[in-house]
Amino acid sequence: MSAPTLDRPAAPDEAALQAHFDATIAADKRVEPRDWMPEGYRKGLIRQIAQHAHSEIIGMQPEGDWLLAAPSLRRKAILLAKVQDEAGHGMYLYSAAETLGADRADLTDKLIEGRHKYSSIFNYPTLTYADVGVIGWLVDGAAICNQVPLCRSSYGPYARAMIRVCKEESFHQRQGYELLMTMMRGTDEQRAMVQDAVDRWWWPSLMMFGPPDDDSPNSAQSMAWGIKRHSNDELRQRYVDMSVPQAEALGVTLPDPELRLDPSTGRYRFGQIDWDEFKRVISGNGPANAERIARRRAARDDNAWVIEAATAYAEKHAS
Ligand code: FAQ
């Protein structure tokens with residue numbers, strides 16, 4: 001501790017602050033924005049939360065492409081609500097990143113300039129309306145599996161944002177599954193569309209959980225700090241175990257000849273993920289990366305006047 005002065009108590013030194021932070025993590029309490037935190041913790045959180053926020057915002061595009069072509073007013077209303085929810089998730093997450101000192105406009109610039117990642121899954125095109133159902137079932141299903149444990153993340157604003165996000169993701173998954181159930185009760189052509197969409201989205205959905213544990217540079221520290229609660233492979237396995245019975249109930253096959261129940265563990269074994277494809281996609285060379293970023297760039301540039309107008313209005317009222 002530094003020496004106290006007459007009028008001010010001593011500021012705790014870094015070792016005492018670190019000890020307090022370590023004790024907070026060890027006791028499984030939440031770290032709040034006003035608390036001291038190690039620089040690595042702050043940077044690691046901004047990295048993950050920003051990537052997560054970008055994913056929600058870019059993730060509006062694949063389904064947004066079907067808003068005008070939704071087959072009925074009911075389907076359009078459901079899809080519109082879902083896509084708007086994803087925008088809301090992005091906003092909560094950018095706000096959580098701002099509590100760590102990040103600047104939202106700067107985070108958006110980093111996304112557009114390719115300096116920040118976003119989820120690999122949103123770099124695949126939505127070719128038919130069945131893709132909307134499969135995104136709800138598989139992509140939102142994977143998101144729930146990954147994000148429910150984040151409701152207990154050690155950083156308070158992130159954990160609290162995740163509670164609401166997960167509630168909304170549950171609705172998203174159900175609407176997707178219900179859409180697919182309806183199509184499976186329809187014509188042969190509709191059933192074929194669903195199967196084709198499952199064939200295209202299954203493997204990319206497994207990649208959402210990130211690289212294998214022995215190739216995941218951030219996991220060890222992130223788990224030690226309680227940011228992540230489970231490893232990438234653990235959550236991926238949980239997702240496979242959850243999805244196989246759902247696929248059976250739906251009447252579709254998952255495109256993996258090696259998928260089978262291991263009676264000794266009660267868990268499903270699955271085939272090798274194409275990690276070269278994953279690396280290509282996260283380095284910007286997936287089927288739709290260029291299109292996704294171009295659209296995000298256009299949205300930022302075309303709508304800049306709204307931010308300028310709102311800022312000018314706020315300044316006028318403040319003065
Ligand atoms: N795609 O060391 P790790 C949604 C990067 S939201 C792209 O294992 P970490 C809702 C990773 O950032 C979906 N990049 O990293 C929705 C790192 O790069 P860096 C998003 C990936 O952080 C539904 C490098 O690889 N969800 O779907 C991916 O410990 C429908 C090494 O990886 C979240 O963001 C990937 N799949 O674990 C919206 C959840 N995986 O930064 C619309 C929160 C890894 O070192 C429609 N995030 N990378 O250069 C997390 O749980 C974690 O960040 C992981 C990655 C598990 C994604």
Side-chain angles (χ1 to χ4, degrees), residues 43-66 79 81-90 92-93 96-97 110-111 114-124 126 131-151 153 155 158-159 161-162 165-166 168-173 175-176 201 203-225 227-236 238-239 273 275 277-286 289 292:
K43 283 198 175 135
L45 271 169
I46 293 177
R47 181 192 67 80
Q48 176 166 326
I49 296 173
Q51 183 200 295
H52 194 166
H54 299 328
S55 305
E56 301 280 359
I57 298 298
I58 295 278
M60 295 164 73
Q61 293 186 29
E63 289 170 285
D65 282 342
W66 282 92
L79 187 56
K82 179 189 192 289
V83 172
Q84 284 176 338
D85 282 354
E86 309 299 0
H89 299 174
Y92 308 150
L93 287 161
K110 285 184 171 133
L111 165 70
R115 289 188 284 141
H116 268 187
K117 295 188 173 73
Y118 61 93
S119 184
S120 48
I121 193 75
F122 301 117
N123 292 303
Y124 295 85
T126 38
D131 290 34
V132 169
V134 170
I135 289 180
W137 170 38
L138 294 179
V139 176
D140 286 278
I144 293 168
C145 213
N146 167 262
Q147 289 168 32
V148 166
L150 293 175
C151 297
S153 181
Y155 188 57
Y158 190 33
M162 280 301 110
V165 167
C166 286
E168 292 177 349
E169 301 290 22
S170 298
F171 150 67
H172 298 169
Q173 194 200 20
Q175 66 79 36
W201 289 92
W203 288 105
S205 75
L206 296 183
M207 296 175 193
M208 287 175 71
F209 295 89
D213 292 351
D214 54 14
D215 196 21
S216 164
N218 299 296
S219 275
Q221 183 61 78
S222 184
M223 287 173 69
W225 274 331
I227 297 173
K228 270 164 73 162
R229 295 287 175 172
H230 302 281
S231 79
N232 298 356
D233 286 332
E234 231 177 302
L235 292 175
R236 189 170 9 250
R238 197 179 280 187
Y239 169 72
I273 294 170
W275 291 115
E277 175 179 326
F278 172 76
K279 283 178 192 149
R280 260 196 320 277
V281 174
I282 68 169
S283 57
N285 299 310
N289 296 60
R292 301 286 182 244

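Start at 1 and go down the list; that is how both ligands and their atoms are numbered. Quick note: numbers below take in every heavy atom, side chains included, and nothing from hydrogens, waters or symmetry partners.
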Quick one: table the atom pairs, ligand 1 N or O against protein N or O, below 3.5 Å, distance rounded to 0.1 Å.
from: ligand 1; atom 1: 1 (N); to: S120; atom 2: N; distance (Å): 2.8
from: ligand 1; atom 1: 1 (N); to: S120; atom 2: OG; distance (Å): 3.4
from: ligand 1; atom 1: 2 (O); to: S216; atom 2: OG; distance (Å): 3.2
from: ligand 1; atom 1: 2 (O); to: P217; atom 2: N; distance (Å): 3.3
from: ligand 1; atom 1: 2 (O); to: N218; atom 2: N; distance (Å): 2.9
from: ligand 1; atom 1: 2 (O); to: N218; atom 2: ND2; distance (Å): 2.9
from: ligand 1; atom 1: 8 (O); to: S216; atom 2: OG; distance (Å): 2.7
from: ligand 1; atom 1: 8 (O); to: N232; atom 2: ND2; distance (Å): 2.8
from: ligand 1; atom 1: 12 (O); to: R47; atom 2: NH1; distance (Å): 3.3
from: ligand 1; atom 1: 12 (O); to: Q51; atom 2: OE1; distance (Å): 2.3
from: ligand 1; atom 1: 15 (O); to: N218; atom 2: ND2; distance (Å): 3.4
from: ligand 1; atom 1: 18 (O); to: K117; atom 2: NZ; distance (Å): 3.3
from: ligand 1; atom 1: 22 (O); to: R47; atom 2: NH1; distance (Å): 3.3
from: ligand 1; atom 1: 22 (O); to: R47; atom 2: NH2; distance (Å): 2.9
from: ligand 1; atom 1: 29 (O); to: K228; atom 2: NZ; distance (Å): 2.7
from: ligand 1; atom 1: 36 (N); to: S120; atom 2: OG; distance (Å): 3.1
from: ligand 1; atom 1: 36 (N); to: M207; atom 2: O; distance (Å): 3.2
from: ligand 1; atom 1: 36 (N); to: M208; atom 2: O; distance (Å): 3.4
from: ligand 1; atom 1: 37 (O); to: K228; atom 2: NZ; distance (Å): 3.2
from: ligand 1; atom 1: 41 (O); to: R47; atom 2: NH1; distance (Å): 2.9
from: ligand 1; atom 1: 45 (O); to: N218; atom 2: ND2; distance (Å): 3.1
from: ligand 1; atom 1: 49 (O); to: K117; atom 2: NZ; distance (Å): 2.5
from: ligand 1; atom 1: 51 (O); to: N146; atom 2: OD1; distance (Å): 3.4
from: ligand 1; atom 1: 51 (O); to: N146; atom 2: ND2; distance (Å): 3.1

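- The aromatic rings of H54 and H116 sit tilted relative to each other, their planes meeting at an angle between 30° and 60°.
- Under the salt bridge (Lys or Arg N to Asp or Glu O under 4.0 Å) criterion, the residue pairs touching residues 136-146 are K82-D140, with sequence neighbours excluded.
- In this structure, the side chain of S120 does not engage the main chain of I282 through any donor-acceptor pair within 3.5 Å.
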message = If you apply the rule side-chain hydrogen bond (donor to acceptor under 3.5 Å, both in side chains), what do you find for Q48 with Y158, and how did you get there?
response = CA-CA 10 Å; Q48 176 166 326; Y158 190 33; 3.3 Å; yes
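- A donor-acceptor contact shorter than 3.5 Å is absent between the side chain of E63 and the backbone of M60.
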message = Walk me through whether E277 and W203 qualify under side chain to side chain contact (heavy atoms under 4.5 Å, CB included).
response = CA-CA 10 Å; E277 175 179 326; W203 288 105; 6.0 Å; no
